[in-house]
Trainee: 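Below you will find the structure I want to go over with you.
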Number of protein chains: 2
Amino acid sequence: MDTRTNILKTALELYNSQGVNTITSRHIAAKMGISPGNLHYHFRQTDEIIKTLYEHLAADFDVLVSELESIHPVSLDTLRDFAVRSLELAYKYRFIFLHFVEISLRVPAIRKDYYALTQRREKEFFAIFRQLKKEGIFRTDLPESIWEALVTQIFIMGDFWLSNNELTGRLKGSNAIKHYSEIFSGMFYPYLTPAAQARMAE
Amino acid sequence: MDTRTNILKTALELYNSQGVNTITSRHIAAKMGISPGNLHYHFRQTDEIIKTLYEHLAADFDVLVSELESIHPVSLDTLRDFAVRSLELAYKYRFIFLHFVEISLRVPAIRKDYYALTQRREKEFFAIFRQLKKEGIFRTDLPESIWEALVTQIFIMGDFWLSNNELTGRLKGSNAIKHYSEIFSGMFYPYLTPAAQARMAE
DNA sequence: TAATAATTAGTACATTTGTTCTAAATACAG
DNA sequence: CTGTATTTAGAACAAATGTACTAATTATTA
């Protein structure tokens, strides 16, 4: 395998399992059996590794979102499917979410990028809400401010369910994803019309 | 002022403003104008400073909870008041929430303590939910699993609203608290009975 | 094949960090 | 006032870290 790709793969493994602050470029090189010099030939600065991994995550997530947007009409099932895929992706790059503030301090470019991203996503969520209301899945009797609060909730839950898992359950892999996708389902439930709630209970 | 207390005060300031990983015991000593030797006379290990600050937070929060539990019957206003006080307290010790996973890795005792705490809190929340249902404030037509999901939501939101603020809005002090207490209100809204919703809209 | 470019190993260096140690200064008790 | 305990400063050390540098090896290209 390409050394550069291998560095990214090994770094992801180590960051995920031991945290972004305990793992240094030397650890990554040692685990791969290459010299520190070699590693720094491919990534002059260690932070570039983190930045690259973040970019991979962002790119993968963009694919998920554009897939979602291509489906019309949006059903509750497509939404649930999207949620599960998002959780899986987040789990793959979990060190980013587990150390999000740390990383955004260390690599300011990530912070800027993330900020721009949330601005875009916010609009996309509102568009999806609008569709789901039209289709009789989401309630239409809630004040607008409630939907705004929901978007922030989605962001916080989406970014930090992994941290919650780390601090409490420590569920691994598919167990974690299963548990938290149920939390996400539950989170939307009170926003559904009675008809949609009934369909969900089946 | 007591040197020990002063160390804690200065450490809190620096951790809050610059993060727990960038600030070292030397930074704290320098800011206070004392020697590193002196600082380590009072706290043999730097982590003890973090642990002590966490204990202060936990103790302060315990006071809030026991105050809440002493009030009968629980109204929507007491709940909102409790939420605002909680947010204020979290803001005071914000570095802990901004670096929760980091810290729990660095100081395993904190992790254990937090885990035990959430177990307790979970029960307390269910008890409060039961009361609020009895009083006609919370809906009684939602399945039990939805309330379980809500508790996890409350934990995640409560622990990570500060991280969300750090990554996006960067609101300061009372502005942050105001904004996120509205998010919290919005979060509970769909769980309220129509009567309670109407009263809230006033 | 010869020359050039890319990759790699290994070493080296300045900085930082947590912590310890010693001695001085200060506070306090009898 | 004298002796003891507490507090403080400052130096010292070992370990770790990011990164740069040099020389060797390997791959590529003409």
Side-chain angles (χ1 to χ4, degrees), chain A residues 1-55 95-96 98-99 101-111, chain B residues 1-55 95-96 98-99 101-111:
Chain A
M1 195 196 314
D2 194 27
T3 305
R4 197 187 138 90
T5 321
N6 203 2
I7 291 171
L8 291 171
K9 187 180 155 246
T10 312
L12 182 60
E13 273 176 40
L14 289 175
Y15 286 149
N16 275 344
S17 60
Q18 297 183 243
V20 85
N21 273 295
T22 33
I23 294 301
T24 71
S25 61
R26 278 177 160 88
H27 291 131
I28 300 166
K31 167 116 185 189
M32 292 173 65
I34 67 169
S35 65
N38 190 5
L39 186 141
H40 272 85
Y41 168 76
H42 290 281
F43 293 94
R44 255 191 110 182
Q45 275 144 25
T46 315
D47 287 353
E48 282 172 28
I49 300 176
I50 295 172
K51 196 169 165 244
T52 307
L53 287 171
Y54 170 82
E55 281 160 4
F95 85 94
I96 294 177
L98 292 172
H99 307 271
V101 174
E102 294 293 323
I103 289 174
S104 80
L105 285 171
R106 227 175 111 167
V107 192
I110 291 183
R111 186 223 178 67
Chain B
M1 197 197 309
D2 194 28
T3 303
R4 195 187 140 91
T5 321
N6 203 3
I7 291 172
L8 291 171
K9 187 179 156 249
T10 311
L12 182 60
E13 273 175 40
L14 289 176
Y15 286 150
N16 276 343
S17 61
Q18 298 184 241
V20 83
N21 273 295
T22 33
I23 295 302
T24 70
S25 61
R26 278 177 159 87
H27 290 132
I28 300 164
K31 166 115 183 189
M32 292 174 65
I34 67 169
S35 65
N38 190 5
L39 186 141
H40 273 87
Y41 168 76
H42 290 281
F43 293 93
R44 254 191 112 181
Q45 276 144 24
T46 315
D47 287 353
E48 282 172 25
I49 300 176
I50 294 172
K51 195 167 166 247
T52 308
L53 287 171
Y54 170 82
E55 282 161 2
F95 85 96
I96 294 176
L98 292 172
H99 308 270
V101 174
E102 294 293 325
I103 290 174
S104 80
L105 285 173
R106 226 176 113 167
V107 192
I110 289 182
R111 184 220 180 69

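The model shown is predicted, which means the values in this text are computed figures rather than measured ones. Chain letters run A, B, ... following the sequence lines, proteins first, then strands; residues in each count from 1.
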Trainee: In whole angstroms, how far is the P atom of D:dT25 from the CD1 atom of A:Ile34?
Mentor: 18 Å
Trainee: Quick one: is B:Thr24 getting a side-chain N or O under 4.0 Å of the C:dG18 phosphate, OP1 or OP2?
Mentor: yes
Trainee: Among D:dT17, C:dT8, D:dT19, which nucleotide sits nearest the side chain of A:Ser35?
Mentor: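 Of all the options, the side chain of A:Ser35 is nearest to C:dT8.
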Trainee: Under a 3.5 Å distance rule, please check whether B:His27 uses its side chain to pair with a backbone N or O of B:Thr24 as donor and acceptor.
Mentor: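 Yes, because the side chain of B:His27 sits within donor-acceptor range (under 3.5 Å) of the backbone of B:Thr24.
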Trainee: D:dA16 P sits how many Å from A:Asn21 CG, rounded?
Mentor: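 The answer, rounded to whole Å, is 16 Å.
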Trainee: For residues B:Leu98 and A:Val101, report the shortest heavy-atom separation together with the two atoms involved.
Mentor: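 So the minimum-distance heavy-atom pair works out to O-CB, 3.4 Å.
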Trainee: Quick check on C:dT8: is either OP1 or OP2 less than 4.0 Å from any side-chain nitrogen or oxygen of A:His42?
Mentor: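 True: A:His42 side-chain N/O within range (under 4.0 Å) of C:dT8 OP1/OP2.
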Trainee: Select base, sugar-phosphate, or nothing to describe what A:Arg44 touches, counting heavy atoms under 4.0 Å on all strands.
Mentor: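 Here A:Arg44 touches the backbone only, sparing every base.
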Trainee: Between atom CD1 in A:Ile28 and atom C1' in D:dT17, what is the gap in whole Å?
Mentor: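 Rounding to the nearest Å, CD1 of A:Ile28 and C1' of D:dT17 are 13 Å apart.
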Trainee: Quick one: which of D:dT8, D:dG18, C:dT19 gets closest to the side chain of B:Thr3?
Mentor: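 Minimum distance to the B:Thr3 side chain belongs to D:dT8.
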Trainee: Nearest whole angstrom, please: distance from the P of D:dG18 to the CZ of A:Arg106.
Mentor: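 It is 7 Å, rounded to the nearest whole Å.
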Trainee: Assign each of A:Pro36 and A:Tyr41 to its nearest nucleotide of DNA chain C by heavy atoms, then name whichever residue's nucleotide is nearer the 5' end.
Mentor: A:Tyr41
Trainee: Given atom CD1 of B:Ile23 and atom C1' of C:dG18, what is their separation to the nearest angstrom?
Mentor: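 Nearest whole value for this atom pair: 15 Å.
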Trainee: Considering only side-chain heavy atoms of A:Gln45, which listed nucleotide, C:dA9, D:dT19, D:dA9, is closest?
Mentor: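 In terms of side-chain proximity for A:Gln45, the closest of C:dA9, D:dT19, D:dA9 is D:dT19.
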Trainee: Identify which nucleotide among C:dT17, D:dT17, C:dG18 has an atom closest to any side-chain atom of B:His27, counting heavy atoms from C-beta outward.
Mentor: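 The nucleotide sitting nearest to the side chain is C:dT17.
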Trainee: Of all the nucleotides listed (C:dT19, C:dT17, D:dT19), which has the minimum atom distance to the side chain of B:Thr46?
Mentor: C:dT19
Trainee: Test side chain to side chain contact (heavy atoms under 4.5 Å, CB included) on B:Asp2 and B:Asn6 and set out the steps.
Mentor: CA-CA 6 Å; B:Asp2 194 28; B:Asn6 203 3; over 6 Å; no
Trainee: Rounded to whole angstrom units, what separation is found between the CG atom of B:Asn6 and the P atom of D:dT7?
Mentor: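 For the pair B:Asn6 CG and D:dT7 P, the rounded distance is 14 Å.
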Trainee: Between B:Glu55 and B:Lys51, is the closest basic N to carboxylate O distance under 4.0 Å?
Mentor: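 Yes.
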Trainee: Could you give the CD-to-P distance, from B:Gln18 to C:dT16, as a whole number of Å?
Mentor: 15 Å
Trainee: So, for A:Leu8 and A:Leu53, which heavy atoms are closest and what is the spacing to 0.1 Å?
Mentor: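 Looks like O-CD2, 3.8 Å.
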Trainee: Starting from C1' on D:dA11, measure out to NE2 on B:His40 and report it in whole angstrom.
Mentor: 15 Å
Trainee: Check the phosphate of D:dA9 against B:Asn38, side-chain N and O only, distance under 4.0 Å to OP1 or OP2. Yes or no?
Mentor: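 Yes, because at least one side-chain N or O of B:Asn38 sits under 4.0 Å from OP1 or OP2 of D:dA9.
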